[in-house]
Student: 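Here you go, one structure.
Letters A, B, ... are given to chains in the order of the sequence lines, protein chains preceding strands, and every chain is numbered from 1.
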Number of protein chains: 2
Amino acid sequence: MNPEQPPQPDKSPDSYCIAGRLRMLARVVTGRYNEAFAAEGVTFAQAGLLMHMFAQPGIRQAELSKRLQIEKSAMSRDVQLLQKNGWLTDNLRNGLYLTEEGRLLAKRCHKIWKALNEQVRTDLGTDAVDGLRVFSDHVFTKLLPNQ
Amino acid sequence: MNPEQPPQPDKSPDSYCIAGRLRMLARVVTGRYNEAFAAEGVTFAQAGLLMHMFAQPGIRQAELSKRLQIEKSAMSRDVQLLQKNGWLTDNLRNGLYLTEEGRLLAKRCHKIWKALNEQVRTDLGTDAVDGLRVFSDHVFTKLLPNQ
DNA sequence: AAGTCGAAGTTGTATATGCAACTTGTGTGC
DNA sequence: GCACACAAGTTGCATATACAACTTCGACTT
């Protein structure tokens with residue numbers, strides 16, 4: 001795949017592995033976001049869910065699953081974890097609602113997210129961000145089965 | 001973040017979340033690769049490691065960690081899993097070597113990978129693949145600390 | 001109302017991943 | 001040779017994720 005390189009990120013230019021590259025990038029970028037949310041005691045994944053639930057109270061797990069392309073059982077467990085922390089009301093099956101504590105946390109997370117996402121966009125530059133958007137659009141139109 | 005959309009992948013065009021998007025893409029694309037490797041009884045992550053070890057026998061965990069940007073403890077466990085399946089010799093600490101069975105599997109995986117990766121590139125198109133490459137290059141130069 | 005079917009959600013099991021703390025190995029200076 | 005420092009690897013613990021199988025819920029039919 002990429003023989004004989006010194007200890008360096010694997011960035012072979014041609015015919016690189018799409019899945020491998022995506023997963024590596026996700027690890028790197030997730031790490032950066034996780035650092036930023038650590039002060040609030042949440043991971044990026046958790047913060048993201050909280051922000052979705054804040055933006056759309058009562059949303060169902062099934063809808064979040066489709067939007068985020070996370071398997072329903074994974075979503076179920078993510079949701080249970082948030083609930084265990086007291087951020088969700090206990091009527092999970094009737095739609096997801098944040099507790100007051102959850103709403104406050106979601107707001108703080110959104111503040112952090114907004115600043116960080118801007119920072120990262122600036123750091124990477126327009127070309128990079130556009131590149132990812134183009135790739136992303138093609139995946140949605142060409143790789144996803146139905147909707 | 002993305003209020004009021006019907007059950008659809010979250011593809012809000014402007015100011016989308018870099019980390020969220022990357023993670024979603026990684027989930028989607030990983031799924032596709034995992035399907036392809038399922039016949040061999042391995043995941044994409046495992047197949048990738050096997051191919052690296054095949055291409056560079058004796059490579060150390062530390063080097064793979066840096067190349068793939070996987071935390072060393074995660075790498076340690078991934079390696080132990082491969083060994084448990086009889087694909088690695090037992091001298092893990094002196095570099096990673098495939099068993100004969102491991103080498104054969106790695107070759108079959110490479111065949112699958114090569115065809116699939118080409119297929120995905122074709123499906124997505126040059127624009128998309130270039131877009132990801134550009135993004136990726138910027139992450140390596142701007143987001144990774146040292147090397 | 002009872003039965004049925006499909007969607008939504010949960011649980012069992014396994015892998016992939018990270019952080020912190022620990023252990024082991026290696027080399028360097030004395 | 002020893003002691004110390006640092007790199008490599010492992011282990012404890014927790015989260016994120018998927019697939020399969022199961023349960024529960026709701027709507028529709030009769």
Student: Between the side chains of A:Thr99 and A:Glu101, does any donor sit under 3.5 Å from an acceptor?
Tutor: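 Checked: A:Thr99/A:Glu101 side chains show no N/O donor-acceptor pair below 3.5 Å.
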Student: Side chains of A:Ser65 and A:Gln61: do they bring a donor and an acceptor to under 3.5 Å?
Tutor: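 Side-chain D/A pair, A:Ser65 to A:Gln61: absent.
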Student: Around atom NZ of A:Lys142, are there more than 12 heavy atoms of other residues, nucleotides or ligands at under 6.0 Å?
Tutor: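 Yes, the 6.0 Å shell around NZ holds more than 12 heavy atoms from other groups.
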Student: Would you kindly confirm whether B:Ile70 and B:Leu50 end up in one hydrophobic cluster when ILVMFWY residues are joined by side chain heavy atoms under 4.5 Å apart?
Tutor: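 In one cluster: yes.
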Student: Whole-Å distance between D:dA18 C1' and B:Arg23 CZ?
Tutor: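 The distance from CZ of B:Arg23 to C1' of D:dA18 comes to 14 Å, rounded to the nearest Å.
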Student: Among residues 26-40 of chain B, which contact DNA chain D at a heavy-atom distance under 4.0 Å?
Tutor: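 The answer is B:Arg27.
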Student: Following the transitive rule for hydrophobic clusters with a side-chain heavy-atom cut-off under 4.5 Å over Ile, Leu, Val, Met, Phe, Trp and Tyr, establish whether B:Val28 and A:Leu25 coincide in one cluster.
Tutor: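 Yes, because B:Val28 and A:Leu25 connect within a single hydrophobic cluster, where side-chain heavy atoms sit under 4.5 Å apart.
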Student: Side-chain heavy atoms under 4.5 angstrom apart, residues restricted to Ile, Leu, Val, Met, Phe, Trp, Tyr: same cluster for B:Phe135 and B:Leu144?
Tutor: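 They do share one cluster, since a chain of ILVMFWY contacts under 4.5 Å joins B:Phe135 to B:Leu144.
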Student: Examine A:Met75 and A:Leu81 and state if one hydrophobic cluster contains both, with Ile, Leu, Val, Met, Phe, Trp and Tyr joined whenever side-chain heavy atoms are less than 4.5 Å apart.
Tutor: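 No; tracing contacts between hydrophobic side chains, which count when under 4.5 Å, never links both residues.
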Student: Going by atom types alone, do A:Arg23 and B:Gln69 pair a side-chain donor with an acceptor below 3.5 Å?
Tutor: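 Absent: no donor and acceptor within the cut-off.
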Student: Looking at B:Tyr16, I'd like to know if the NZ or CZ of A:Arg121 sits under 6.0 Å from its six-membered ring centre while staying within 45 degrees of the ring's axis.
Tutor: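 Judged by the rule (NZ or CZ under 6.0 Å from the ring centre, within 45° of its axis), A:Arg121 counts as positioned above B:Tyr16.
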Student: Along nucleotides 7-15 of chain D, 5' to 3', which nucleotides get a B, which get an S, and which get a -, given that the test is a protein heavy-atom distance under 4.0 Å?
Tutor: -BBBBBB-S
Student: Determine whether the side chains of A:Arg67 and A:Gln56 contain a donor N or O and an acceptor N or O closer than 3.5 Å.
Tutor: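 Side-chain D/A pair, A:Arg67 to A:Gln56: present.
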Student: Which nucleotide of DNA chain C is the first, and which the last, in the 5' to 3' direction, to come under 4.0 Å of a heavy atom belonging to chain A?
Tutor: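 Footprint of chain A along DNA chain C, 5' to 3': C:dA8 to C:dG18.
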